[in-house]
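Read through the structure below, which is laid out as structure tokens, and then see the notes.
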Amino acid sequence: MTANPGKSFVFVFPMASGHVNPSLPIARSLVKLGHEVHYVCAEEMRAPIEDTGAIFHSEREVETEFYSGRPEDMMEVFSELHREHGLEEEPFMLAAFKLKLIRMELALPGLIRFFHQMKPSAVLYCPHINMEAAWAAKHEGIPHIALNTMAGPAARVTCLEQFAKHLSLTLVEFDEKLRAYQPNLDAVQRMRSKYGVDLEGDGGFDKPFGRMQHLRHAALTLVTTTEDFYDPINPELQKSLEKDAESVAVGPLLDVAGAKRAAGHKSTLTKDGAEDVSAIILDKATSARRAGRKVILASMGTAITSDVKEQGWDSRPRGKDGQPRGLSGRELCRAAWAGVFEAFGSDDKDAPLLLVSLGPQANALGDLVPPANALCAPVLPQVDLLKAGVDLFLTHGGQNSFTEALANSVPLLVCPGFGDQFANAQRAVDAGVGLKVDRPDPDAGQEAQATAAYSSAVRAALLDIFDNCDLKVAATRCAENLQRAGGVPRAVQLVLAAAQGKNIDVTRITQGGA
């Protein structure tokens, strides 16, 4: 009897670790089952992608209409696009949203060609950033599955509200600025005419706010949390979503031990020859646990330690006058790390082991001197460390870090920087699994005082959590619930079912092997 041939899948994801990482264990499982997985992504993500056994394709070589002749640095790519459309004086984030549909128009033809050539059984994509993948798949008649790495169907509203707040706008004001930009509408008309993209709307955000039109024709949406952690949804959006693909909460998608993760990258590829110390750090953490020492993990995430404009290391939020204000990513991270060192730094051999993920910036610590019981590195094997045993996790509150910690019963201190991180910070408090320290917003000239106060608040919150057994009990309850969602095995089963091109009865696909 001839064995059934393996299927082929295409994954399309952005240069954003939090969106790529949950897709990696799905790819690894599909490859292990004998299927072929092709990724379209940025070169910076090649190593973790190829670690899964998937085949990497540079987005620059696929989406040539967008990338041809443009700089290597991703931030410079977008800056050049902004200049081409006379938006170089606009706040970077506002300009990026104004040009979202134009960026999609430029990416579509390359993806359509690629899908036509590859003829995959299904496409898995990021619904928040890579909408063009859904429209290209629809054009080619290919089933497509969205991987929503935020807190459910309404999380986009929460995130857009935070982006608007970052620009000192309301969401309605943000939308008005997009609707007033005529090139958005022109791009929609061209895509309708050339590719049959049936986009509705007025050039602003999809209505009602939070809707994503491409989900109407998706096979389903996988959500990397559980329904009890979904952001609340208003009735208007709920009614609109009834027409969309079903959202299935599969919980956190945790990779195998030793797997490479996307982390600690800048907007341009660098090869500095830095040693990968993940195995060494994991061994020290494991040894500390065996010796009865506590382990404290700290990571402020990949975005705020990156060079992404208006969100990263040297960026500040904008005030009502449109000017940068408050603490930069650099100041926020160093203040948080200082709080960790002040709370637990010690020369005692039995003191907690402090593990601090610094990100890719040179001299990230600045004048901070780590105590003798701290290990600091650009990248840490976060999932492996959480599985090995962590007593407390200081996190920025990104969706992956939030659910990865709770899946391993780890209490949290959430120090949010932007976007959905603020909602996750409040979610930790509401669920009784942690505390939060919000990002300061000092007036000009008050940054030093705000930094000192923030460090003190972080220190106090860490000590409160360290001595609070109730938070650990609540985190353990959350872990049991997250594990029941099915995780990677269920996600893989759903992807394979979607590839059959038939209606999916998600109630029959439960936790278990793929």
Side-chain angles (χ1 to χ4, degrees), residues 10-21 23-24 38-51 54-111 113-114 125-126 128-133 136 260-276 301-315 329-330 358-364 378-379:
V10 172
F11 287 22
V12 184
F13 285 87
M15 192 184 77
S17 300
H19 299 257
V20 172
N21 280 328
S23 75
L24 299 176
H38 297 261
Y39 267 86
V40 177
C41 199
E43 186 68 32
E44 288 79 359
M45 303 293 165
R46 177 189 287 271
I49 286 171
E50 291 186 339
D51 185 63
I55 301 166
F56 175 84
H57 302 266
S58 170
E59 61 187 4
R60 290 178 177 272
E61 296 174 2
V62 172
E63 300 172 3
T64 53
E65 283 80 358
F66 179 62
Y67 285 105
S68 181
R70 296 196 187 275
E72 290 296 318
D73 185 287
M74 185 61 74
M75 286 299 101
E76 286 304 313
V77 168
F78 285 101
S79 294
E80 184 178 274
L81 187 66
H82 297 176
R83 288 193 294 271
E84 289 171 4
H85 290 82
L87 299 177
E88 63 270 26
E89 299 302 321
E90 294 264 14
F92 185 87
M93 192 183 304
L94 178 58
F97 273 99
K98 281 186 173 182
L99 295 174
K100 180 184 71 171
L101 294 173
I102 292 169
R103 161 74 177 86
M104 176 175 149
E105 180 187 16
L106 292 170
L108 259 178
L111 277 179
R113 286 193 304 270
F114 187 75
Y125 70 102
C126 170
H128 301 288
I129 300 177
N130 296 109
M131 299 80 68
E132 65 275 5
K260 290 185 179 179
R261 283 169 61 90
H265 59 82
K266 293 189 177 184
S267 60
T268 188
L269 186 65
T270 57
K271 296 181 179 179
D272 56 11
E275 180 186 2
D276 183 358
T302 57
I304 207 164
T305 57
S306 74
D307 48 6
V308 174
K309 294 184 179 180
E310 296 192 8
Q311 294 178 357
W313 191 245
D314 291 318
S315 300
R330 178 199 312 261
L358 301 175
Q361 303 296 334
N363 190 29
V379 178

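All residue numbers refer to positions in the sequence shown, counting from 1.
- Residues Lys100 and Met131 meet the side-chain proximity criterion, which asks for heavy atoms closer than 4.5 Å.
- Pairing each heavy atom of Met45 with each of Ala262, the nearest pair is SD-CB, 3.3 Å.
- Note that CG of Leu111 is 12.0 Å distant from CZ of Phe66, once rounded to the nearest 0.5 Å.
- Shortest non-hydrogen contact noted between Arg60 and Val77 is NH2-CG2, 3.7 Å.
- Here the shortest heavy-atom pairing between Ala47 and Lys260 reads O-CD, 4.1 Å.
- The CD atom of Glu61 sits 8.0 Å away from the CZ atom of Phe56 when rounded to the nearest 0.5 Å.
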- Show your working on side chain to side chain donor-acceptor pair (under 3.5 Å) between Glu132 and Asn130 and close with a plain yes or no. CA-CA 5 Å; Glu132 65 275 5; Asn130 296 109; 3.2 Å; yes
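- In this structure, Tyr39 has its ring center closer than 6.0 angstrom to the ring center of Phe11.
- Around atom CD of Glu65, more than 12 heavy atoms belonging to other residues, nucleotides or ligands sit under 6.0 Å away.
- The distance from the CG atom of Leu106 to the CZ atom of Arg70 is 6.5 Å, given to the nearest 0.5 Å.
- Between Met74 atom CE and Glu72 atom CD the span is 9.5 Å, to the nearest 0.5 Å.
- Asp314 contributes atom CG, which lies 10.0 Å from atom OG of Ser306 (distance to the nearest 0.5 angstrom).
- The CD atom of Glu88 lies 12.0 Å from the CD atom of Glu80; values are rounded to the nearest 0.5 Å.
- The heavy-atom pair separating Pro14 from Cys41 by the smallest distance is O-SG, 3.6 Å.
- In terms of heavy atoms, Ser79 sits closest to Phe92 at OG-CE1, 3.9 Å.
- Judged purely by atom type and a 3.5 angstrom limit, His85 uses its side chain to pair as donor or acceptor with the backbone of Leu81.
- Taking each heavy atom of Gly301 and Thr305 in turn, the nearest pair found is O-OG1, 2.8 Å.
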